[in-house]
Every structure is written in structure tokens, then in C-alpha cells.
Undergrad: 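There's a structure below that I have some questions on.
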Amino acid sequence: MTAPAPTPPPTTAPYLEELRWRGMLYQATEGAAALLAQPTGIYVGFDPTAPSLHVGNLIPIMGLVHAQRAGHRPVVLVGGGTGMIGDPGGRSSERPLLSVAEIDANVVGIRSQLERFLDFGGANPARIVNNADWLRELKLVDFLRDVGKHFSINVMLAKDSVASRLDGGITYTEFSYMLLQGYDFTELNRRHGVTVQLGGSDQWGNILAGTELLRRAHDVDAAAVTFPLLTTASGKKFGKSEGGAVWLDAERTSPYQFYQYWVNADDADVGKYLRLFTLMTASEISAAEITVADDPAARAAQRALAREVTTRVHGAAALAAAEQVTGFFFGGVEPSALNDDALEVLAKEAPFAAVSLADVGEVATEGGTPTGRLDVYRMLTASGLAASNGAAKKLLEQGAVSVNKRKLAASERYLDRASTTLRGGHIVLGKGKRDFALIRLGS
RNA sequence: GGUGGGGUACUCAAGUGGCCAACGAGAGCAGACUGUAAAUCUGCCGGCGCAAGCCUUCGAAGGUUCGAAUCCUUCCCCCACCA
């Protein structure tokens with residue numbers, strides 16, 4: 001669903017120009033350019049519902065990165081006070097308000113990730129603030145008088161975010177969300193001199209609620225700038241891999257998996273991604289796009305993308321490891337040639353399972369002694385490549401399973417242990433063309 | 001509170017006593033082709049099992065029946081209009 005982008009207003013601010021050529025500018029209020037002509041405070045809100053950000057958060061993050069590079073002061077707002085505004089239609093229960101401790105822990109995690117992108121020191125330092133600091137203090141009557149008084153129900157009902165929900169129903173809580181977000185904006189303005197809010201294009205209405213409130217209640221000029229919603233060329237959800245989100249936290253998504261996510265970007269998307277997620281210049285990106293057209297099989301642009309983003313998020317050492325693992329899985333390296341160091345890296349980066357022989361060995365014995373054979377099904381489930389024996393069976397039948405990079409025939413459910421294990425009891429298990437796991441066999 | 005309409009697997013959505021583990025679509029997984037891409041074609045897509053088959057599932061709990069997602073009762077939740 002590619003919504004037609006409203007033509008962004010002409011700008012004089014370098015920051016907006018940067019966003020524009022990178023394809024990050026969807027729309028901006030008329031006064032945005034004037035406000036951004038001077039250094040100012042710019043904020044983006046994140047939900048601290050998890051202790052880690054994911055790649056879907058990268059666009060707003062990069063929006064702040066560019067802001068800081070342009071001399072503005074980035075402010076990250078975590079919605080500790082608004083965290084519960086979810087879908088009350090869920091069958092089991094309403095989403096509970098996160099506890100203070102959980103939010104604080106999540107904020108710590110998010111902050112450490114943002115430090116890879118933003119400078120929290122220097123002349124125009126980034127800040128991270130929690131709206132719980134003021135929302136928790138808020139008195140309802142005061143809120144209605146000071147904030148609610150400035151909002152017209154008629155206007156609120158006309159906002160897309162509300163109008164689209166009127167059919168399916170919307171609770172008062174969710175309806176009120178834009179007031180809280182507007183109030184956040186006024187607090188950030190008061191506390192940190194923020195005059196511009198960034199957000200996804202779906203946030204336009206909510207952001208305007210804030211600029212309106214600032215103008216009416218405080219006679220302050222403020223602006224909204226939104227990013228386009230990101231879709232992939234093939235219509236898949238951006239930022240999803242193997243059913244799950246791609247996280248910035250190495251514990252949740254290993255640097256290798258993170259790297260792989262970018263390497264697998266569609267040809268049709270890679271130029272867009274380079275503009276959005278790297279600091280490469282326009283001419284560098286143009287050059288990379290030419291390589292896609294000339295020699296797509298080399299995936300040079302995808303590799304450059306993966307290298308840039310992985311380095312920023314995980315650092316140079318992690319990138320080197322990710323590339324090493326990639327080289328093994330997708331290059332011509334013979335599994336038997338692996339040395340201990342390489343196995344160590346594999347164990348760390350690839351999905352790894354340390355299992356006991358009893359976990360994957362064949363249960364049946366012949367004449368009282370174990371047969372010493374390995375059960376492929378159980379290796380697949382133990383390593384997490386298959387969710388169940390049934391799934392493992394189907395994979396094997398479809399010819400999707402490989403061991404030490406050798407594709408197994410459907411009949412090869414049981415393997416000889418001695419000839420299968422590499423040094424140190426390792427086995428490289430593969431599912432499909434690009435999904436691998438390393439097993440280390442205990443006794 | 002009243003009246004009417006609903007709650008089906010990851011999502012949307014058929015099904016209204018046996019042919020239902022439940023049509024179809026999307027998503028997902030795999031195979032072929034390629035380039036770790038897209039598109040296309042093919043297979044899979046609740047769990048266990050080599051298999052025959054067994055087990056669990058259609059908001060929840062009971063009940064009717066040889067047999068229930070389908071009928072009855074109670075309860076919970078959602079929507080529309082009315083109050």
C-alpha cells in the first residue's frame with residue numbers, strides 16, 4: 001500500500017534536504033523549515049515494550065542521527081507512561097501496564113543501543129527521557145482543564161487514526177492517546193526546548209495534536225515531520241525474518257543473523273535501504289546501485305549495506321565474525337577443513353545447540369549395545385531448525401536437510417556417528433539453502 | 001438495560017448434525033529455476049507416529065445425540081441501533 005506522498009514543502013533547512021533525497025521525508029508542516037533553519041530540539045517516541053529495539057525502529061533512529069549531524073539536539077522519548085495503550089480487543093486480557101522496573105530495564109537496554117547511533121555528549125547531546133516522569137503525576141481534572149480544553153472532539157473524530165477505528169470500535173483510552181502525545185510534546189518543549197517531532201506517517205495526526213496544543217496553550221511554534229511507512233518491494237513485512245523481528249540486541253538476533261538479514265535484501269530494495277539506513281553519500285549509493293544492475297549475482301550492494309549497518313549496531317569485530325561465518329556457509333569451505341577457532345566463531349554466531357548424545361542418538365539398541373547412529377529428526381529439533389518431529393520429517397522428505405554441507409537423501413534418517421561428526425563432536429546442520437545450525441555433541 | 005448481529009487455526013474468511021483436522025486466500029516453510037534476489041511452478045502448512053492410526057482444537061463450561069465447529073443451556077467478550 002504505497003500511499004501517494006504529499007509533496008513536501010520546499011525547504012531551506014539542510015536537515016530536511018538530507019531527509020528528502022534519502023527518501024525519508026513524507027510530509028512536514030509548513031513551519032518546519034523555518035524552525036529547522038536554526039539548531040533546535042527534535043524528538044521521536046518509542047514504546048519501551050521490549051528491552052531491545054528492532055530494525056523497524058531504524059528509520060526514526062536515523063532521522064535523529066541526521067538531525068544531530070545537522071546540529072540539532074535529538075531527544076528520544078520512551079513511552080513509559082503510555083505503554084499500555086494497546087488493543088483492548090484481545091481475548092485473554094488487556095495488555096497490562098508495564099511495571100516501573102520493567103520499563104526502567106527496557107530503557108537501559110534501548111539507551112545502550114542508541115549510543116551506537118547518537119552522541120550523548122558533546123555540544124548538542126542526545127537525551128533520552130521517559131514520559132512516565134510527568135504522566136504519572138498528572139491529575140485528571142488538571143489535564144482536562146489544561147489540555148483537553150484545547151481539543152475539539154469534532155476535529156479528533158476526523159483524524160485518520162480515529163476515523164478508521166470508528167467502524168471497529170475504539171475505547172476512550174485509545175481515543176485519548178493523541179491528547180497524551182500532544183501533552184508529551186508540550187512537556188518536551190518546556191523541559192528541553194523541543195520544537196519538532198518526527199514520526200511515521202501514521203503519526204501525523206497525533207503529532208499535529210501536539211503542535212496545535214503548543215500553539216494554542218503556549219503560543220509556541222512547533223512542527224511535525226513524518227517518514228514514509230516502509231514496505232518491501234515484494235510486499236513482505238519489513239524487518240521480519242524467519243517469523244520473528246530482527247532485533248538490535250545481539251542476544252536476540254546474532255550479528256550473523258543480523259548481517260544475513262541485510263544481505264538478503266531484494267535487489268529492488270537495496271538502494272532504498274542504503275539511503276535509509278547508512279550514511280553513505282548520494283554518489284556512493286548511485287555507484288552501488290549500478291553494481292546491482294551490472295552484476296546482481298555479486299550482491300555487492302547488499303554486502304555493503306549489511307557491512308555498514310552491522311558495523312554500526314554490533315561493531316567491527318562482530319562484523320568480521322559474521323562475515324567469516326557467511327564465508328563458511330555460503331562459500332566453498334569444506335566443513336572438514338574447519339579449525340578450532342573457526343568452530344568457536346560458528347558456535348557463537350550461528351544458531352548453536354550443545355546437545356548430549358542421548359538427545360540425538362538413536363534410542364534403539366542392538367543386542368543391548370547402542371547402535372551409535374544419529375537421528376536426523378532429533379538433531380533438527382534439538383537445534384531449533386525444526387519445531388517438531390513431524391516438521392523434521394517433512395524437511396527430510398523434501399530434500400531440505402544437509403549435514404556438513406552434504407544434502408541428505410530422504411532415506412537418510414539415521415547417520416553413522418563416527419563418520420558424521422567433525423572435530424570436537426561438531427556437526428553442521430543445514431535446512432534449506434540458507435539456514436544453518438551447529439551442533440556440538442556431548443557424550 | 002432492550003433488540004439484533006457476531007466470536008473458527010498466524011491473519012482474513014468458508015462451514016450450520018456425520019463426507020471436518022475443518023473450503024479458500026494471504027502469510028510462513030521447503031523443492032525446482034536462479035544469484036543467499038524477485039517472479040513463476042510444485043509440495044507442506046495442529047501434535048505424536050515409519051505407518052495403520054491415535055490425541056488435541058472451532059470464545060468458556062455443561063448438556064442432547066451412536067455422532068457436534070454445527071442443536072440446547074448458562075456464562076464471558078465484541079459490534080450495531082435503541083435506552
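Letters A, B, ... mirror the listed sequences (proteins, then strands); counts begin at 1. What's counted below: heavy atoms across the whole structure, side chains too, no hydrogens, waters or symmetry copies.
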Undergrad: Are A:Arg69 and A:Glu18 within salt-bridge range, i.e. N to O under 4.0 Å?
TA: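 Answer for the salt bridge query: no.
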Undergrad: Find the distance A:Arg434:CZ to B:A37:C1' and express it as a whole number of Å.
TA: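 It works out to 9 Å between those atoms.
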Undergrad: If the cut-off is 4.0 Å, is A:Thr326 near the phosphate of B:U36, judged by side-chain N/O to OP1 or OP2?
TA: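 Checking B:U36 against A:Thr326, no side-chain N or O comes under 4.0 Å of OP1 or OP2.
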Undergrad: Looking only at atom P, what distance separates B:G47 and B:U40, rounded to whole Å?
TA: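 These two P atoms come out 27 Å apart once rounded.
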Undergrad: Provide the Watson-Crick or G-U wobble partner of B:A80, both distances under 3.5 Å; none if there is no partner.
TA: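 Pairing partner, where one exists within any strand: B:U3.
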Undergrad: In whole Å, what is the span from the CD atom of A:Glu397 to the P atom of B:G43?
TA: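 Atom-to-atom, A:Glu397 to B:G43, this comes out as 15 Å.
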Undergrad: How long is the line joining CG of A:Asp267 and P of B:A38, in whole Å?
TA: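 Between P of B:A38 and CG of A:Asp267: 9 Å.
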Undergrad: Send over the distance from A:Asp375 CG to B:C50 P, rounded to a whole Å.
TA: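 Atom CG in A:Asp375 sits about 8 Å away from atom P in B:C50.
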Undergrad: Report the base-pairing partner of B:U70 (Watson-Crick or G-U wobble, both distances below 3.5 angstrom), or none.
TA: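 Partner of B:U70: none.
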Undergrad: I'd like the P distance from B:U73 over to B:G6, given in whole Å.
TA: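 Here B:G6 and B:U73 have their P atoms 16 Å from each other.
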Undergrad: Thinking salt bridges, do A:Glu397 and A:Lys394 make one under a 4.0 Å N-O criterion?
TA: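 Between A:Lys394 and A:Glu397 there is no salt bridge, as every charged N stays at least 4.0 Å from the carboxylate O atoms.
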Undergrad: Compare the minimum distances between each of B:C29, B:A37, B:C50 and the side chain of A:Lys431, then state the nucleotide with the smallest one.
TA: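 Taking heavy atoms from C-beta onward, the closest nucleotide is B:C29.
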Undergrad: Taking only the C1' atom of each, what is the distance from B:U8 to B:A13 in whole angstrom?
TA: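 B:U8 and B:A13 have their C1' atoms separated by 9 Å.
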Undergrad: Using the P atoms only, state how far B:G4 lies from B:A61, rounded to an integer number of Å.
TA: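 These two P atoms come out 27 Å apart once rounded.
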Undergrad: Under 4.0 Å between a Lys/Arg side-chain N and an Asp/Glu carboxylate O for A:Arg216 and A:Glu212?
TA: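 Salt bridge present between A:Arg216 and A:Glu212.
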Undergrad: State plainly whether the residues A:Glu412 and A:Arg406 are in salt-bridge range, i.e. N to O under 4.0 Å.
TA: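 A salt bridge links A:Glu412 with A:Arg406.
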Undergrad: Determine the Euclidean distance between corresponding C1' atoms of B:G59 and B:C55; express it in Å to zero decimal places.
TA: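 22 Å, rounded to whole Å.
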Undergrad: So, A:Asp340 and A:Arg423, do they make that salt bridge, N to O below 4.0 Å?
TA: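 Answer for the salt bridge query: yes.
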Undergrad: What is the distance from OH of A:Tyr377 to P of B:G47, rounded to the nearest Å?
TA: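 So the two atoms are 14 Å apart, to the nearest Å.
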Undergrad: In Watson-Crick or G-U wobble terms, both distances under 3.5 Å, what is the partner of B:G28?
TA: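 Result: B:C44.
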Undergrad: When the P atoms of B:C23 and B:A69 are considered, how many whole Å apart are they?
TA: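 Rounded to whole Å, the distance is 14 Å.
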Undergrad: Over how many whole Å does the gap from A:Leu396 atom CG to B:G43 atom P extend?
TA: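 Those two atoms, CG and P, are 20 Å apart.
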Undergrad: Rounded to the nearest Å, what distance is computed from the NZ atom of residue A:Lys272 to the P atom of nucleotide B:A37?
TA: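 After rounding, the reported distance stands at 18 Å.
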Undergrad: Can you tell me how far P of B:G35 sits from CZ of A:Arg299, to the nearest Å?
TA: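 So the two atoms are 11 Å apart, to the nearest Å.
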Undergrad: Between A:Asn389 and B:G49, is there a side-chain N or O to OP1/OP2 distance below 4.0 Å?
TA: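 Result: yes.
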Undergrad: If only atom types and distance count, is the side chain of A:Thr310 paired as donor or acceptor with the main-chain N or O of A:Arg307 below 3.5 Å?
TA: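 No; zero donor-acceptor contacts below 3.5 Å.
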Undergrad: Say you pick atom P in B:A14 and the same atom in B:G63; how far apart are they, in whole Å?
TA: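 It works out to 31 Å between them.
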